[in-house]
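What follows is a single structure, written as structure tokens, with notes after it.
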Amino acid sequence: MTRLDTYPRFYSLSEDRFSCRSFKPDAIDEALILSVIDATRLAPSACNRQPWLFVVADTPELRQAVAESYPREWFAAAPVFIVACGLHSEAWHRPTDGKDHTDVDVAIAVEHLCLAATSLGLGSCWVCNFDAEAVAKAFNMPDDVEPIALIPLGYPADGLTLTPKKRKNLTEILRWGKF
């Protein structure tokens, strides 16, 4: 049995998702954005705490602040910016060592967001290399809200040439039993 036989739709969706860095200028209907976020809220989280919040930059001033926090031409051209935020005070913390699972939980949710966007014909890209302090200030975020990732969203530009994904072989990432 092959991977495609086991779960063809999910495997295809996973293959189709890519880090889009070239967008059409076309606006995205609000209903599509809501659909993407609705799928995002279904992501699992430690102890079902759901320590996340997603904020859409919905004014020219907020769009500019987000674009300036990661000054790349391709990024600024995206028609929508979503700021994925973590709520550390709502997250589960592992009792044995206090590990805060906010980043893990938000990462799972962001990947749900990216897969949902792909399923709707939208492109997305994780951006973590940004000025989080500037974004928090621009959005007037309370101290307990941390911007963790920026997700530009839009229709992929025409004529994009995608390079094949470089992924490790299954034998490189899987161990059975002890090391």
Side-chain angles (χ1 to χ4, degrees), residues 3-4 6-46 48-58 62-63 65-67 69-87 91 101-132 135 139 141 145-168 170 173:
R3 294 178 298 241
L4 292 175
T6 308
Y7 42 81
R9 293 186 332 207
F10 180 74
Y11 197 84
S12 177
L13 181 62
S14 297
E15 279 190 324
D16 290 346
R17 193 219 56 81
F18 69 99
S19 295
C20 185
R21 292 183 177 90
S22 184
F23 300 96
K24 292 180 182 178
D26 304 3
I28 301 174
D29 188 85
E30 185 177 304
L32 277 182
I33 298 169
L34 290 172
S35 292
V36 167
I37 300 301
D38 192 38
T40 301
R41 73 179 182 82
L42 300 175
S45 62
N48 198 31
R49 296 284 182 89
Q50 305 168 54
W52 51 59
L53 182 66
F54 297 88
V55 184
V56 178
D58 64 350
L62 289 174
R63 283 188 50 75
V66 171
S69 77
Y70 182 68
R72 307 289 192 281
E73 189 174 329
W74 71 266
F75 180 76
V80 173
F81 296 128
I82 298 174
V83 182
C85 300
L87 310 171
H101 277 254
T102 303
D103 289 350
V104 174
D105 292 343
V106 171
I108 295 167
V110 168
E111 189 56 16
H112 270 56
L113 187 157
C114 292
L115 289 170
T118 299
S119 75
L120 295 171
L122 298 170
S124 64
C125 184
W126 285 68
V127 174
C128 295
N129 180 19
F130 67 98
D131 185 340
V135 170
F139 284 82
M141 291 181 182
V145 177
E146 177 193 4
I148 292 177
L150 305 177
I151 302 96
L153 199 62
Y155 294 101
D158 292 328
L160 277 180
T161 303
L162 301 179
T163 57
K165 290 184 179 186
K166 295 178 183 177
R167 297 293 186 262
K168 293 180 178 181
L170 189 56
I173 65 164

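- You'll find the side chain of R72 stays beyond 4.5 Å of the side chain of V127, heavy atoms only.
- A pairwise comparison of heavy atoms in A67 and A76 identifies CB-CB, 4.0 Å as the closest pair.
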Donor-acceptor pairs are to be reported for all side-chain atoms of residues 106-123 against protein atoms at under 3.5 Å, with residues two or more places apart or in another chain.
residue	atom	partner	partner atom	Å
E111	OE1	W126	NE1	3.0
E111	OE2	R17	NE	3.3
H112	ND1	I108	O	3.3
T118	OG1	C114	O	2.9
S119	OG	A116	O	2.7

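- The side-chain heavy atoms of F130 and P147, taken from C-beta on, include a pair separated by under 4.5 Å.
- More than 12 heavy atoms of other shown residues, nucleotides or ligands fall within 6.0 angstrom of atom NZ in K165.
- Counting heavy atoms from C-beta on, the side chains of C85 and F139 never come closer than 4.5 Å.
- Here R49 pairs with C47, P51, W92 under the side chain to side chain contact (heavy atoms under 4.5 Å, CB included) rule; sequence neighbours left out.
- Side-chain contact check for V55 versus V145: every heavy-atom pair is 4.5 Å or farther apart.
- Shown here for P79 and R63, the closest heavy-atom pair between the two residues is O-NH1, 3.1 Å.
- Side-chain contact between P152 and V66 is absent, with no heavy-atom pair separated by less than 4.5 Å.
- Here L87 contributes atom CG and M141 contributes atom CE; the two are 10.0 Å apart, rounded to the nearest 0.5 Å.
- S35 contributes atom OG, which lies 11.5 Å from atom CD1 of I28 (distance to the nearest 0.5 angstrom).
- S22 contributes atom OG, which lies 5.0 Å from atom CG of L160 (distance to the nearest 0.5 angstrom).
- With values rounded to the nearest 0.5 angstrom, I33 atom CD1 is found 11.5 Å from T40 atom OG1.
- Every residue was checked against the side chain to side chain donor-acceptor pair (under 3.5 Å) condition with D26, not counting sequence neighbours, and none meets it.
- Considering CH2 of W52 and OG1 of T102, their distance stands at 11.0 Å, rounded to 0.5 Å.
- Nearest heavy-atom pair across R21 and W74 is O-CB, 3.0 Å.
- Across all non-hydrogen atoms, the minimal contact from F23 to A77 is CB-O, 4.4 Å.
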Note to self: Determine whether V56 and E30 satisfy the following criterion, side-chain contact (heavy atoms from CB on, under 4.5 Å), listing intermediate values before the conclusion.
What the structure shows: CA-CA 10 Å; V56 178; E30 185 177 304; over 6 Å; no
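- Taking the side chain as every heavy atom from C-beta outward, C125 and F75 never approach each other to under 4.5 Å.
- Atom-to-atom distance recorded for I151:CD1 and C128:SG is 8.0 Å, nearest 0.5 angstrom.
- Side-chain atoms of V36 and F54, non-hydrogen and from C-beta on, never get closer than 4.5 Å to each other.
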